[in-house]
Structure formats: structure tokens, C-alpha cells
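The shown structure was predicted, so the numbers you read here are calculated from the model rather than taken from an experiment.
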Amino acid sequence: MNLALWLQRAARLWPERPALLDGPEVIADYRSFDNRAATLAARLQAEYGFQPGDRAALFLKNSTDYLIILYAIWYAGGVVVPINAKLHAREAAWIVANSGAKLLFTEAKGAEELLGYCRDEGHEPALATVQVSEDAADRLSAPAARAESDLAWLFYTSGTTGRPKGVMITHANLVAMSLTYFVDVDAVTGEDAAIYAAPMSHGAGLYNFMHVLRGARHVVPVSGGFDPEEIRELAPQLGNVHMFAAPTMVTRLIAASRENGYRGEGIRTIVYGGGPMYLADIESALDWFGNRFVQIYGQGESPMVITALSRDQLADRAHPRWAERAASVGSAQSCVEVAIAGKDGELAATGETGEILVRGATVMAGYWQNEDATSNTLRDGWLWTGDVGALDEDGFLTLKDRSKDVIISGGTNIYPREVEEALLIHPAVAETSVIGEPDADWGENVVAFIVLQEGQSATEEQLNTHCCDQIARFKRPKRYIFLPGLPKNNYGKVLKTELRAMLAAQ
């Protein structure tokens, strides 16, 4: 089934419902949204010879045009290759070339530079634009026929351990992801508004499907991104707002809201994921905004779907194990199984820490033109995520870290997240990230990068004393490095690769 059928159906059911908004301004209803996508699809076929199965790369910032382009590509039977808008043009060009993209959508400014890098990679796509006419005679009458196993989304991983890998996501994967959302994450109605404050090239963009299925509104902030003050002004105007946000976005929104007195009016649901949410931070968010939060855990290889921690579970502070659950990432979503691999590669017992495994309807078809990586990651029917965690007796999954981030000191595993959780309880610590540093005697030592709260101070001795009150002495950092801010990507994830480079440079 072609995902574009959902847009066509929404346009038939609710043609006059507002669909695309720039800030509070409606710029297209569902009839117009569908027409623009189907008309652009016809032009892609006529002018560029774009055929089912062809790839089209999007190197664009958030905009309502982004959604029109997505559905135009699917209408024509093509595969979307979303590229992080903050990558260097050289990095983007490698992805364009590796995917064999026939078309490239990008901003006019910088297009020639990007095409130059593409030529350096030995591949030159056609540069496409979003110019469309709404003349129904020039549109495709229906989306191209697609099988469930056909590719829809070719997402490139962040490439922290080398070149990015193209994750092959099918129409069936995204159908399962979308329908599972209604069971495990949140309800959606035609009165809702999805605000795209996180990058549409990632999870936020994938959450468009649920809102198309219900004929809800799609809102791109005027800034094109995340601005807490803009959210404060926009949400009450729109009402029934849904947002997908990285944990760092949540903490920034709560911090700004405490300063201006905003209590989340207009926001119905904030789904957070894409990085670690520390217990202290979600407690603070619940205290200030109330019962508006849902957590999901997924990855590009099983988009948005591994586990979920529901609104009710987060709100139930009377539960005797609430703190443990709030610090977890919830339990398996309905269309997947989750397990832990022990040291011997066999399935681990309850409570044992090991690599997180997933299997089910959302798991990728494999990596694009990379059989070695595929066979290493998809084994015995399971997706080996590379993340480390443990399942409790109730099926709640607690993340420890990426397997590559585990610190082995004196032959003992130390999980950076538990050190970070301990440090964040200290009133002077605003942010922290913990990594390992090579040591001739111990193998690795724990190093903590610290960002202090504005106007606060803390010494290494004070932080050491604090850590020893919270965690085993052997886990405490051997070094503290104070920074004005932690390096992050545009999705809010801390770049531990840059912290490691900083240590190596010293």
C-alpha cells in the first residue's frame, strides 16, 4: 500500500479542513494539500522522468513545502531520502550519491555548492523545485501502486562510527509505526495540531502520518524550528497541540516557561524521545506542565517504535515503583517484541544488563547496499540495536547506554547514564555528559563534562562528595571538565564524539 493514499483519502473525507499552517496562518486545506502533492508528482514524472522506486533527496529546513514534497514523492511511487539540514554540504552530497538520488530538493542558496560536491562524488542529481500549479488536469489521479515491501524512507544514520548507513524503511514499516501510535502513544482527532519544532528529516516528520489519517492540522513555526517563546505564543492560539521533542527541548521549554509563568496552555501532548531523559528533568516537567507527557524509544532501524511510557504511567506517582518507571523508557510497543542479549549472545534473564534486541513489523528491511552491516545488525530474526539496557519483571526497559559508550574500568562496566543521573541531582549542575578516558592502569577512567547553572558554582571536591553519596565510589568521575555548554547536534543529542576529540586533543 502506498502511504500517499492516506492523504488522498483525507482530502476526500475532509476537503475543507485546515491542513497546512505557517505559524497560526492557514495556507492550505486538505483538498489543496492533496492537489499540490499530486500536481508536483505529475511534474516530477513529466519533467524529470521520475519513476516508482527512484530516490529523491530532501536537504531542507522545516517548512510546509516539506510535507508537500514528501507526499509528491510517494504519489509518484518514489523513495524519500531525508537529510539533516545542518549537515555540511560535503556530508549531504555523500548521502545523495550513496543513495543514487535522481532528484534533489534543496534551498536555492547553497545549491550550486552542494551540486559541486555531488559531482566530486561522481553523481549529479537533477535539482528539483516545488513550483506547482493547482490545475487538477495536471495532477496524478491516484498514487502509484506500491507493495508493502517497497521502500518509502531511506534514512541515513548519524555516522558516529564511520560513514552513515542508509536504513531501508518500507511502506509496511511506516504503516505499522503509524497504527501502533494510536494504541501505545496517543489519540489524535481532527481538532489537533501537530507543531513541527523538531527536524522533519527525523522522527517529527514521520509523525505526520497520524495527523493526516485523522485530518488534523500540520503547523510549522515561523522560525522553522524550536523557540520556547514561539511555542508559548502559538500553542494557546492553536489549541490541542501535539509536539515531538528531544529531551533537551523539553528541558529548555520548561526552564523558559518557569521564567515567564507559562503552564502549557494549548498543549495536549508532548512526546519525547531521541535521547536520554533524566529522572530529575521529567519530574520538573511534570511538576510544571502536568500530565502532558509520553515517552517513546525507537531508532532509525525501527522508527519511533521500540517501547513507550504512557501519559498515565508518568502521572501515577502513587505507584510504589514510579521513580523506576519514570526513569525507564517504558514497555514494548504493540507491534514488536523486546529482549536483552546476555554476554553469551543468548536471551538474558530478567534484570540482566545486555544489548537490546527488537523484532516486529517496524524493523527495517536492512541497510542500503551494505550487506555486511545488515547481516551484523539483523541476526536470528532480531534487530541488534547497539543500545544497552535491562528489562524488569513487569517488562519495563531501562536504558543504560550505547554499547560503545560503556566505560570499562578495572574490568567493571560503568554506565555513563547512571553517573549523569547522579550528577544532575546536584543543584549547581545544569547539564552533564560522561565518557571514558584511556588509562594505562585501569583501562578507562570516568570523565564528567559539567555545565553549571547560571550563577551557581561547584568544586571538584564538592561534586566528588555528592557522587559518593549517590553511587558506588568506583563509578565517580576521576576528572571534571567545566564547559559553558555541551556540543549537540540539531536534534539536541550530545555529541560524545566531540567530547572524546576534546580529550584526545588535550
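In this structure, Gln8 has no side chain to side chain donor-acceptor pair (under 3.5 Å) partners at least two apart in sequence or on a different chain. Judged as a side chain to side chain donor-acceptor pair (under 3.5 Å), and not counting sequence neighbours, the contacts of Glu437 are Arg479. Evaluation of the ring-ring contact (aromatic ring centres under 6.0 Å, His included) rule for His242 yields Tyr207, His211 as partners, not counting sequence neighbours.
At a threshold of 4.5 Å between non-hydrogen side-chain atoms, the residues Leu357 and Leu383 do not count as touching. Here the side chains of Phe244 and Ile296 are in contact, with some heavy-atom distance below 4.5 Å. Between Val185 and Thr180 the shortest side-chain heavy-atom distance does not fall below 4.5 Å. With a 4.5 Å cut-off on side-chain heavy atoms, Lys488 and Glu431 count as touching. Using a 4.5 Å heavy-atom threshold, the side chains of Val222 and Leu234 count as separate. For the pair Arg9 and Val212, the minimum side-chain heavy-atom distance is 4.5 Å or more. In this structure, the side chains of Asp29 and Ser32 come closer than 4.5 Å at one or more pairs of heavy atoms. Within the 4.5 Å cutoff, side-chain heavy atoms of Arg325 are placed close to those of Asp394.
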Could you go through the side-chain contact (heavy atoms from CB on, under 4.5 Å) check for Phe482 and Leu452 one step at a time? CA-CA 8 Å; Phe482 295 89; Leu452 294 173; 4.1 Å; yes
Step by step, work out the salt bridge (charged side-chain N to carboxylate O under 4.0 Å, His left out) result for Arg268 and Asp192. CA-CA 9 Å; Arg268 185 171 60 77; Asp192 288 350; 2.5 Å; yes
List the steps and the verdict of side-chain contact (heavy atoms from CB on, under 4.5 Å) for His171 and Asn2. CA-CA 7 Å; His171 286 268; Asn2 189 329; 3.7 Å; yes
Could you walk me through whether Thr350 and Glu393 pass the side-chain hydrogen bond (donor to acceptor under 3.5 Å, both in side chains) check? CA-CA 6 Å; Thr350 298; Glu393 60 268 31; over 6 Å; no
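The six-membered or imidazole ring of Phe155 lies near that of His202, with a centre-to-centre distance under 6.0 Å. A ring-centre distance under 6.0 Å is found for Phe289 and Tyr262. Aromatic ring centres of Tyr196 and Tyr66 lie farther apart than the 6.0 Å criterion allows. Between Phe396 and Trp322, the distance separating the two ring centers is not shorter than 6.0 angstrom.
Of all heavy-atom pairs spanning Ile356 and Val338, the tightest one is CG2-CG1, 4.1 Å. Between Asp184 and Ser334, the shortest heavy-atom contact is OD2-N, 2.7 Å. Of all non-hydrogen atoms in Arg473 and Cys468, the two that sit nearest each other are NH1-SG, 3.4 Å.
Figure legend: Arg214 and Phe182 shown as a cation-pi pair, the cationic atom lying under 6.0 angstrom from the six-membered ring centre and within 45 degrees of its axis.
Classification of Glu418 and Lys475 as a salt-bridged pair holds, one side-chain N sitting under 4.0 Å from a carboxylate O. Classification of Asp186 and Arg311 as a salt-bridged pair holds, one side-chain N sitting under 4.0 Å from a carboxylate O. Arg500 has a carboxylate O that lies under 4.0 Å from a charged side-chain N of Asp405, or vice versa, which qualifies the two as a salt bridge. Between Lys496 and Glu420 there is a salt bridge, since at least one side-chain N of the basic residue sits less than 4.0 Å from a carboxylate O of the acidic one. One finds a salt bridge joining Asp392 and Arg321 here, because a Lys/Arg side-chain nitrogen approaches an Asp/Glu carboxylate oxygen to under 4.0 Å. Note on Arg252 versus Asp227: no salt bridge recorded, every NZ/NE/NH1/NH2 to OD/OE distance being 4.0 Å or above.
Aromatic ring orientation, Trp74 versus Trp153: tilted (interplanar angle from 30° to 60°).
Phe226 contributes atom CZ, which lies 5.0 Å from atom CG of Leu253 (distance to the nearest 0.5 angstrom).
Partner of Val358 under the side-chain contact (heavy atoms from CB on, under 4.5 Å) criterion, chosen from Val305, Val336, Asp387: Val336.
Thr362 and Asn173 are not linked by any side-chain donor-acceptor pair at a separation below 3.5 angstrom, with hydrogens and angles left out of the test.
Counting only distance, with no hydrogens or angles, the side chain of Gln470 and the backbone of Val419 share no donor-acceptor pair below 3.5 Å.
Heavy atoms of other residues, nucleotides or ligands lying less than 6.0 angstrom from CD of Glu265 number more than 12.
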